[in-house]
Amino acid sequence: MGMEDKDSRWFDVDFVPDDYIFSQEDRPQNLDVPVSDSIPVIDLGKSMAVNGRIQPVEAILTASKEFGFFQVINHGVPEKITADAMDVFKEFFDLPSKETIEYVPRTKGWIYTSTDNTKVGVHLWRENVKHLCHPLEECVQLWPNKPARYQEVIAAYILEIQKLSSRILEMICEGLGLEPGYFKGTSEVQLLSSNFYPPCPDPSLTLGILSHQDPSLITLVYQGNSPGLQVLKDGHWINVGAVPNAFVVNIGNQLEIISNGKFRSMDHRVVTSPHETRISIATFVNPSLDCIVEPAKVLVNESEPSRYQARRYKDYVHRNKAFGDHTVTIQNAMISES
Ligand SMILES: O=C(O)CCC(=O)C(=O)O
Ligand SMILES: [Fe+2]
(Lines give C-alpha, C1' and ligand atoms only; values in the text may rest on other atoms or scores of the structure.)
(Ligands and ions follow the chains in the order given, each with its own letter.)
Protein backbone atom coordinates (compact mmCIF):
# COMPACT_ATOMS: atom_id res chain seq x y z
CA MET A 1 0.00 0.00 0.00
CA GLY A 2 1.36 3.40 -0.89
CA MET A 3 0.62 6.91 0.14
CA GLU A 4 -2.11 8.61 -1.82
CA ASP A 5 -0.51 10.34 -4.78
CA LYS A 6 -1.52 13.98 -4.94
CA ASP A 7 -1.44 13.97 -8.73
CA SER A 8 -3.41 10.79 -9.18
CA ARG A 9 -6.72 10.93 -10.96
CA TRP A 10 -9.92 8.98 -10.50
CA PHE A 11 -8.92 6.34 -13.05
CA ASP A 12 -5.47 5.65 -11.56
CA VAL A 13 -6.72 2.54 -9.77
CA ASP A 14 -5.87 -1.17 -9.75
CA PHE A 15 -9.49 -2.26 -9.36
CA VAL A 16 -12.73 -0.81 -10.64
CA PRO A 17 -14.50 1.02 -7.78
CA ASP A 18 -17.96 -0.37 -6.96
CA ASP A 19 -19.85 2.67 -8.19
CA TYR A 20 -18.47 2.15 -11.72
CA ILE A 21 -19.56 -1.50 -11.97
CA PHE A 22 -22.66 -2.05 -14.09
CA SER A 23 -25.17 -4.83 -13.42
CA GLN A 24 -24.79 -8.03 -15.45
CA GLU A 25 -27.40 -6.99 -18.00
CA ASP A 26 -25.81 -3.60 -18.81
CA ARG A 27 -22.22 -4.82 -18.82
CA PRO A 28 -20.44 -5.50 -22.07
CA GLN A 29 -20.70 -9.24 -22.68
CA ASN A 30 -18.27 -11.41 -24.59
CA LEU A 31 -15.47 -8.90 -24.88
CA ASP A 32 -13.14 -11.78 -25.71
CA VAL A 33 -15.15 -12.93 -28.68
CA PRO A 34 -13.91 -11.24 -31.84
CA VAL A 35 -16.56 -8.97 -33.29
CA SER A 36 -16.58 -7.92 -36.88
CA ASP A 37 -15.60 -4.45 -38.04
CA SER A 38 -18.14 -4.24 -40.77
CA ILE A 39 -19.51 -0.72 -40.72
CA PRO A 40 -19.31 0.52 -44.34
CA VAL A 41 -16.45 2.89 -45.13
CA ILE A 42 -17.45 5.29 -47.89
CA ASP A 43 -15.02 7.21 -50.06
CA LEU A 44 -16.49 10.67 -50.65
CA GLY A 45 -13.71 11.48 -53.09
CA LYS A 46 -14.97 8.95 -55.62
CA SER A 47 -17.94 9.96 -57.64
CA MET A 48 -18.46 7.20 -60.15
CA ALA A 49 -21.91 6.70 -61.57
CA VAL A 50 -23.34 3.30 -60.70
CA ASN A 51 -26.80 2.47 -62.11
CA GLY A 52 -27.37 6.11 -62.88
CA ARG A 53 -26.56 7.21 -59.33
CA ILE A 54 -23.42 8.79 -58.00
CA GLN A 55 -21.55 6.14 -56.05
CA PRO A 56 -21.27 7.72 -52.58
CA VAL A 57 -25.00 8.48 -52.64
CA GLU A 58 -25.87 4.86 -53.26
CA ALA A 59 -23.43 3.68 -50.58
CA ILE A 60 -24.78 6.16 -48.01
CA LEU A 61 -28.32 5.07 -48.78
CA THR A 62 -27.55 1.38 -48.30
CA ALA A 63 -25.49 1.95 -45.12
CA SER A 64 -28.16 4.20 -43.58
CA LYS A 65 -30.83 1.56 -44.19
CA GLU A 66 -28.83 -1.41 -42.99
CA PHE A 67 -26.60 -0.08 -40.24
CA GLY A 68 -27.66 3.47 -39.48
CA PHE A 69 -23.89 3.99 -39.32
CA PHE A 70 -21.06 4.51 -41.78
CA GLN A 71 -17.62 6.07 -41.92
CA VAL A 72 -16.47 8.57 -44.52
CA ILE A 73 -12.96 9.03 -45.88
CA ASN A 74 -11.63 11.56 -48.40
CA HIS A 75 -14.17 13.89 -46.83
CA GLY A 76 -12.28 17.10 -47.49
CA VAL A 77 -11.75 18.13 -43.86
CA PRO A 78 -8.05 19.05 -43.62
CA GLU A 79 -6.07 16.71 -41.39
CA LYS A 80 -4.56 19.71 -39.62
CA ILE A 81 -8.00 20.79 -38.40
CA THR A 82 -8.88 17.40 -36.89
CA ALA A 83 -5.39 16.88 -35.45
CA ASP A 84 -5.47 20.32 -33.79
CA ALA A 85 -8.94 19.66 -32.38
CA MET A 86 -7.83 16.32 -30.93
CA ASP A 87 -4.74 17.97 -29.40
CA VAL A 88 -6.88 20.67 -27.83
CA PHE A 89 -9.20 18.12 -26.20
CA LYS A 90 -6.26 16.04 -25.05
CA GLU A 91 -4.83 19.14 -23.35
CA PHE A 92 -8.23 20.11 -21.98
CA PHE A 93 -8.79 16.73 -20.34
CA ASP A 94 -5.25 16.78 -18.97
CA LEU A 95 -5.78 20.11 -17.17
CA PRO A 96 -5.63 19.55 -13.45
CA SER A 97 -7.74 22.56 -12.50
CA LYS A 98 -10.95 21.53 -14.25
CA GLU A 99 -11.36 18.65 -11.80
CA THR A 100 -13.00 21.14 -9.48
CA ILE A 101 -15.49 22.37 -12.07
CA GLU A 102 -18.01 19.59 -11.90
CA TYR A 103 -20.78 21.55 -13.49
CA VAL A 104 -21.05 25.06 -14.79
CA PRO A 105 -24.53 26.26 -13.94
CA ARG A 106 -24.89 28.89 -16.60
CA THR A 107 -27.62 29.09 -19.17
CA LYS A 108 -24.95 29.47 -21.78
CA GLY A 109 -21.41 28.20 -21.64
CA TRP A 110 -20.23 24.70 -21.17
CA ILE A 111 -20.82 21.68 -19.03
CA TYR A 112 -18.03 19.45 -17.79
CA THR A 113 -18.48 16.21 -15.89
CA SER A 114 -16.00 13.66 -14.69
CA THR A 115 -18.28 11.41 -12.75
CA ASP A 116 -21.55 11.29 -14.63
CA ASN A 117 -24.11 9.18 -13.02
CA THR A 118 -26.40 7.22 -15.28
CA LYS A 119 -30.09 6.38 -15.02
CA VAL A 120 -29.11 3.07 -13.44
CA GLY A 121 -27.06 4.83 -10.76
CA VAL A 122 -23.63 3.71 -11.96
CA HIS A 123 -20.84 6.05 -13.11
CA LEU A 124 -19.60 6.06 -16.68
CA TRP A 125 -15.90 5.50 -17.23
CA ARG A 126 -15.35 8.86 -18.89
CA GLU A 127 -14.98 12.60 -18.62
CA ASN A 128 -17.09 14.78 -20.88
CA VAL A 129 -17.40 18.37 -22.01
CA LYS A 130 -20.41 19.74 -23.89
CA HIS A 131 -21.37 23.06 -25.36
CA LEU A 132 -23.61 24.68 -27.93
CA CYS A 133 -22.17 25.66 -31.30
CA HIS A 134 -24.93 27.61 -33.01
CA PRO A 135 -24.90 30.50 -33.79
CA LEU A 136 -21.16 30.02 -33.80
CA GLU A 137 -20.10 33.66 -33.28
CA GLU A 138 -22.23 33.92 -30.15
CA CYS A 139 -21.25 30.58 -28.68
CA VAL A 140 -17.49 30.66 -29.24
CA GLN A 141 -16.73 33.22 -26.57
CA LEU A 142 -18.51 31.15 -23.93
CA TRP A 143 -16.45 28.04 -24.57
CA PRO A 144 -13.53 26.97 -22.37
CA ASN A 145 -10.51 29.21 -22.78
CA LYS A 146 -8.03 26.69 -21.50
CA PRO A 147 -6.02 25.61 -23.39
CA ALA A 148 -5.67 29.13 -24.78
CA ARG A 149 -6.32 28.11 -28.39
CA TYR A 150 -9.49 26.11 -27.58
CA GLN A 151 -11.95 28.63 -29.02
CA GLU A 152 -10.03 29.30 -32.21
CA VAL A 153 -9.25 25.66 -32.98
CA ILE A 154 -12.71 24.30 -32.18
CA ALA A 155 -14.46 27.07 -34.13
CA ALA A 156 -12.43 26.10 -37.20
CA TYR A 157 -13.38 22.48 -36.58
CA ILE A 158 -17.10 23.28 -36.31
CA LEU A 159 -17.03 25.25 -39.59
CA GLU A 160 -15.62 22.19 -41.34
CA ILE A 161 -18.19 19.90 -39.71
CA GLN A 162 -20.98 22.22 -40.85
CA LYS A 163 -19.70 21.99 -44.43
CA LEU A 164 -19.25 18.23 -44.35
CA SER A 165 -22.60 17.56 -42.71
CA SER A 166 -24.42 19.77 -45.25
CA ARG A 167 -22.75 17.82 -48.02
CA ILE A 168 -23.75 14.49 -46.51
CA LEU A 169 -27.34 15.67 -45.93
CA GLU A 170 -27.50 16.83 -49.55
CA MET A 171 -26.44 13.35 -50.69
CA ILE A 172 -29.05 11.86 -48.36
CA CYS A 173 -31.70 14.10 -50.01
CA GLU A 174 -30.69 12.79 -53.37
CA GLY A 175 -30.70 9.20 -52.18
CA LEU A 176 -34.13 9.46 -50.55
CA GLY A 177 -35.60 11.44 -53.42
CA LEU A 178 -36.20 14.60 -51.37
CA GLU A 179 -35.96 17.95 -53.08
CA PRO A 180 -32.46 19.46 -53.02
CA GLY A 181 -32.02 21.72 -50.01
CA TYR A 182 -34.66 19.89 -47.98
CA PHE A 183 -32.58 20.24 -44.79
CA LYS A 184 -31.21 23.67 -45.55
CA GLY A 185 -31.81 26.21 -42.81
CA THR A 186 -32.74 23.57 -40.28
CA SER A 187 -29.71 21.36 -39.91
CA GLU A 188 -27.16 23.15 -37.77
CA VAL A 189 -24.25 21.74 -35.82
CA GLN A 190 -25.90 22.68 -32.54
CA LEU A 191 -23.99 20.71 -29.98
CA LEU A 192 -20.49 19.40 -29.43
CA SER A 193 -19.77 16.69 -26.91
CA SER A 194 -16.22 15.50 -26.40
CA ASN A 195 -15.38 12.40 -24.39
CA PHE A 196 -12.24 11.20 -22.67
CA TYR A 197 -12.24 7.49 -21.83
CA PRO A 198 -9.09 6.55 -19.89
CA PRO A 199 -7.75 2.99 -19.69
CA CYS A 200 -9.77 0.83 -17.31
CA PRO A 201 -8.42 -2.04 -15.18
CA ASP A 202 -11.38 -4.27 -16.08
CA PRO A 203 -13.37 -3.32 -19.22
CA SER A 204 -15.78 -6.22 -18.69
CA LEU A 205 -17.37 -4.33 -15.77
CA THR A 206 -17.58 -0.77 -17.09
CA LEU A 207 -18.94 1.32 -19.95
CA GLY A 208 -17.83 4.59 -21.49
CA ILE A 209 -21.38 5.33 -22.65
CA LEU A 210 -24.48 3.23 -22.04
CA SER A 211 -26.42 1.96 -25.02
CA HIS A 212 -28.44 4.81 -26.57
CA GLN A 213 -29.66 6.35 -29.82
CA ASP A 214 -28.91 9.92 -30.84
CA PRO A 215 -31.77 12.44 -30.91
CA SER A 216 -30.14 14.30 -33.82
CA LEU A 217 -30.66 14.35 -37.57
CA ILE A 218 -27.16 13.03 -38.00
CA THR A 219 -24.16 12.84 -35.69
CA LEU A 220 -20.56 13.09 -36.83
CA VAL A 221 -17.92 11.56 -34.59
CA TYR A 222 -14.19 11.91 -34.90
CA GLN A 223 -12.60 9.09 -32.93
CA GLY A 224 -8.95 9.55 -33.82
CA ASN A 225 -7.47 6.14 -34.16
CA SER A 226 -9.05 4.46 -31.21
CA PRO A 227 -11.56 1.64 -30.87
CA GLY A 228 -14.43 1.37 -28.40
CA LEU A 229 -17.55 2.45 -30.28
CA GLN A 230 -20.01 -0.40 -30.90
CA VAL A 231 -23.33 -0.65 -32.74
CA LEU A 232 -26.12 -3.12 -32.01
CA LYS A 233 -27.07 -4.85 -35.24
CA ASP A 234 -29.47 -7.81 -35.33
CA GLY A 235 -28.86 -8.50 -31.66
CA HIS A 236 -25.04 -8.41 -31.87
CA TRP A 237 -22.61 -5.69 -30.91
CA ILE A 238 -20.26 -4.87 -33.74
CA ASN A 239 -17.21 -2.64 -33.59
CA VAL A 240 -16.93 0.60 -35.47
CA GLY A 241 -13.33 0.00 -36.48
CA ALA A 242 -10.69 2.67 -36.14
CA VAL A 243 -10.10 3.99 -39.65
CA PRO A 244 -7.38 6.65 -39.87
CA ASN A 245 -8.72 10.14 -40.50
CA ALA A 246 -12.32 8.98 -41.00
CA PHE A 247 -15.51 10.48 -39.60
CA VAL A 248 -18.17 8.19 -38.20
CA VAL A 249 -21.65 9.28 -39.30
CA ASN A 250 -24.72 8.00 -37.56
CA ILE A 251 -28.39 8.42 -38.33
CA GLY A 252 -30.26 10.13 -35.51
CA ASN A 253 -33.89 9.70 -34.49
CA GLN A 254 -35.05 12.78 -36.44
CA LEU A 255 -33.73 11.49 -39.74
CA GLU A 256 -35.30 8.10 -39.07
CA ILE A 257 -38.62 9.93 -38.71
CA ILE A 258 -38.12 12.08 -41.84
CA SER A 259 -37.16 8.99 -43.85
CA ASN A 260 -40.37 7.35 -42.59
CA GLY A 261 -38.37 4.48 -41.17
CA LYS A 262 -36.30 3.78 -44.29
CA PHE A 263 -33.22 4.79 -42.33
CA ARG A 264 -32.57 3.37 -38.91
CA SER A 265 -31.27 5.09 -35.82
CA MET A 266 -29.28 2.38 -34.06
CA ASP A 267 -28.36 1.64 -30.47
CA HIS A 268 -24.70 2.25 -29.80
CA ARG A 269 -22.35 2.35 -26.81
CA VAL A 270 -18.68 2.73 -25.93
CA VAL A 271 -16.69 0.00 -24.21
CA THR A 272 -13.45 0.74 -22.39
CA SER A 273 -9.95 -0.57 -23.03
CA PRO A 274 -7.34 -1.85 -20.58
CA HIS A 275 -4.50 0.05 -22.32
CA GLU A 276 -5.77 2.71 -24.67
CA THR A 277 -7.21 6.12 -24.04
CA ARG A 278 -10.05 7.10 -26.35
CA ILE A 279 -10.88 10.72 -27.07
CA SER A 280 -13.90 11.33 -29.28
CA ILE A 281 -15.50 14.50 -30.61
CA ALA A 282 -19.21 14.05 -31.29
CA THR A 283 -21.06 16.82 -33.11
CA PHE A 284 -24.83 16.73 -33.31
CA VAL A 285 -26.54 18.16 -36.37
CA ASN A 286 -30.04 18.93 -35.17
CA PRO A 287 -33.16 20.55 -36.57
CA SER A 288 -34.03 23.99 -35.19
CA LEU A 289 -36.03 23.73 -31.97
CA ASP A 290 -39.21 25.03 -33.64
CA CYS A 291 -38.93 22.73 -36.62
CA ILE A 292 -41.80 20.27 -37.02
CA VAL A 293 -40.28 16.90 -37.69
CA GLU A 294 -42.40 14.43 -39.65
CA PRO A 295 -42.01 11.89 -42.44
CA ALA A 296 -41.20 13.67 -45.72
CA LYS A 297 -44.36 13.98 -47.83
CA VAL A 298 -42.77 12.28 -50.84
CA LEU A 299 -42.05 9.20 -48.73
CA VAL A 300 -45.62 8.76 -47.56
CA ASN A 301 -48.24 7.15 -49.79
CA GLU A 302 -50.97 4.54 -49.73
CA SER A 303 -48.63 1.59 -49.63
CA GLU A 304 -46.26 3.28 -47.19
CA PRO A 305 -48.35 5.22 -44.69
CA SER A 306 -46.73 7.56 -42.20
CA ARG A 307 -45.15 5.63 -39.35
CA TYR A 308 -44.40 8.58 -37.08
CA GLN A 309 -46.38 11.45 -35.63
CA ALA A 310 -45.38 15.00 -36.49
CA ARG A 311 -43.66 16.60 -33.51
CA ARG A 312 -41.96 19.86 -32.79
CA TYR A 313 -38.26 19.13 -32.20
CA LYS A 314 -38.40 21.12 -28.96
CA ASP A 315 -41.09 18.80 -27.59
CA TYR A 316 -39.20 15.73 -28.68
CA VAL A 317 -36.08 16.89 -26.85
CA HIS A 318 -38.04 17.70 -23.73
CA ARG A 319 -40.09 14.52 -23.65
CA ASN A 320 -37.13 12.22 -24.32
CA LYS A 321 -34.65 14.09 -22.10
CA ALA A 322 -32.65 14.06 -25.28
CA PHE A 323 -29.58 15.75 -23.83
CA GLY A 324 -29.51 13.64 -20.68
CA ASP A 325 -29.42 15.23 -17.25
CA HIS A 326 -28.62 18.62 -18.75
CA THR A 327 -31.53 18.71 -21.19
CA VAL A 328 -33.30 21.64 -19.57
CA THR A 329 -30.13 23.72 -19.23
CA ILE A 330 -29.15 23.11 -22.82
CA GLN A 331 -32.64 23.66 -24.18
CA ASN A 332 -32.99 26.94 -22.28
CA ALA A 333 -29.69 28.10 -23.71
CA MET A 334 -30.88 27.23 -27.21
CA ILE A 335 -34.16 29.03 -26.72
CA SER A 336 -32.49 32.18 -25.47
CA GLU A 337 -30.42 32.18 -28.64
CA SER A 338 -33.18 31.74 -31.17
O1 LIG B 1 -17.40 8.42 -27.93
C2 LIG B 1 -18.14 8.09 -28.83
O3 LIG B 1 -17.73 7.77 -29.92
C4 LIG B 1 -19.62 8.00 -28.60
C5 LIG B 1 -20.29 9.30 -28.59
C6 LIG B 1 -21.77 9.15 -28.63
O7 LIG B 1 -22.33 8.15 -28.97
C8 LIG B 1 -22.60 10.31 -28.24
O9 LIG B 1 -22.05 11.28 -27.72
O10 LIG B 1 -23.82 10.29 -28.49
FE1 LIG C 1 -24.40 8.63 -29.53
Side-chain angles (χ1 to χ4, degrees), residues 11 26 28 35 37 39 41 64 67-72 82 85-86 89-90 92-93 110-114 116-119 123-133 154 157-158 161 165 189-200 203 206-233 237-256 263-273 276-286 316-317 320-327 330:
F11 51 85
D26 289 323
V35 271
D37 290 337
I39 299 296
V41 177
S64 304
F67 292 88
F69 265 82
F70 51 92
Q71 305 206 51
V72 292
T82 47
M86 287 301 265
F89 282 115
K90 189 174 176 312
F92 175 85
F93 287 114
W110 47 283
I111 293 165
Y112 164 79
T113 47
S114 80
D116 327 59
N117 221 327
T118 57
K119 56 181 190 285
H123 293 304
L124 296 176
W125 196 267
R126 71 155 186 188
E127 295 180 26
N128 174 268
V129 63
K130 279 188 186 62
H131 53 64
L132 296 179
C133 302
I154 303 307
Y157 181 82
I158 295 296
I161 296 293
S165 62
V189 184
Q190 284 181 343
L191 197 65
L192 174 148
S193 173
S194 178
N195 299 292
F196 167 80
Y197 310 96
C200 171
T206 58
L207 280 169
I209 293 194
L210 268 173
S211 176
H212 69 281
Q213 296 176 4
D214 290 357
S216 55
L217 273 175
I218 55 173
T219 305
L220 272 65
V221 177
Y222 191 75
Q223 56 174 359
N225 232 337
S226 52
L229 182 58
Q230 300 187 326
V231 181
L232 188 62
K233 168 128 169 64
W237 287 102
I238 56 177
N239 286 329
V240 177
V243 176
N245 204 30
F247 280 93
V248 177
V249 182
N250 105 59
I251 305 299
N253 296 135
Q254 308 314 304
L255 190 52
E256 175 178 314
F263 286 2
R264 298 204 283 159
S265 184
M266 302 288 256
D267 290 322
H268 54 285
R269 69 180 185 185
V270 171
V271 296
T272 60
S273 156
E276 291 188 61
T277 297
R278 171 187 174 85
I279 292 182
S280 65
I281 312 172
T283 36
F284 300 93
V285 180
N286 296 343
Y316 184 94
V317 167
N320 293 277
K321 277 188 93 188
F323 307 135
D325 284 349
H326 305 298
T327 297
I330 292 173

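One is the number of the first residue; the rest follow in order along the sequence. Both ligands and their constituent atoms are indexed starting at 1 by order of listing. Since the model is a prediction, treat every value here as computed from it, not as a measurement.
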Could you tell me which atoms of ligand 1, counted from 1 in the order shown, lie closer than 4.0 angstrom to a heavy atom of [X]?
| X | result |
| --- | --- |
| Asp214 | 10 (O) |
| Tyr197 | 1 (O), 2 (C), 4 (C) |
| Val221 | 3 (O) |
| Ser280 | 1 (O), 2 (C), 3 (O) |
| Asn195 | 1 (O), 5 (C) |
| Val270 | 1 (O), 2 (C), 4 (C) |
| Phe284 | 8 (C), 9 (O), 10 (O) |

Discussion item. Could you identify the N, O or S atom of His212 positioned closest to the Fe ion (ligand 2)?
Written reply: NE2
Worksheet, complete the sentence: In this structure, the Fe ion (ligand 2) sits at the vertex of an angle between NE2 of His268 and OD1 of Asp214 that rounds to 10° as 90°
Straight-line distance of [X] [atom1] to [Y] [atom2], nearest 0.5 Å:
| X | Y | atom1 | atom2 | answer |
| --- | --- | --- | --- | --- |
| Phe67 | Ile238 | CZ | CD1 | 5.0 Å |
| Asn286 | Tyr316 | CG | OH | 11.0 Å |
| Ser280 | Arg126 | OG | CZ | 8.5 Å |
| Leu207 | Trp125 | CG | CH2 | 12.0 Å |
| Ile279 | Asn195 | CD1 | CG | 10.0 Å |

Worksheet item: Looking at ligand 1, does any of its N/O atoms fall within less than 3.5 Å of an N/O of Arg278?
Response: yes
Practice prompt. Verify the ring-centre separation between Phe196 and Phe11: is it less than 6.0 angstrom?
Written response: yes
Item to complete: Can you spot which of Thr272, Leu229, Val271 makes a side chain to side chain contact (heavy atoms under 4.5 Å, CB included) with Arg278?
Response: Leu229
Discussion item. Keeping His268 on the side-chain end and Ser211 on the backbone end, is there a donor-acceptor pair under 3.5 Å?
Written reply: no
Discussion item. Is His268 close enough to touch ligand 1? Criterion: a residue heavy atom under 4.0 Å from a ligand atom.
Written reply: yes
Worksheet item: Applying a strict 4.0 Å limit to heavy atoms, is His212 in contact with ligand 1?
Response: yes
Practice prompt. Please state which part of Ile209 comes within less than 4.0 Å of ligand 1, counting heavy atoms only: side chain, backbone, both or neither.
Written response: side chain
Discussion item. One residue to check: Val248. Relative to ligand 1, which of side chain, backbone, both or neither has a non-hydrogen atom less than 4.0 Å away?
Written reply: neither
Item to complete: For side-chain hydrogen bond (donor to acceptor under 3.5 Å, both in side chains), just list the numbers for Asn128 and Ser193, CA-CA rounded to whole Å, side-chain angles, deciding distance to a tenth of an Å, and then say yes or no.
Response: CA-CA 7 Å; Asn128 174 268; Ser193 173; 2.9 Å; yes
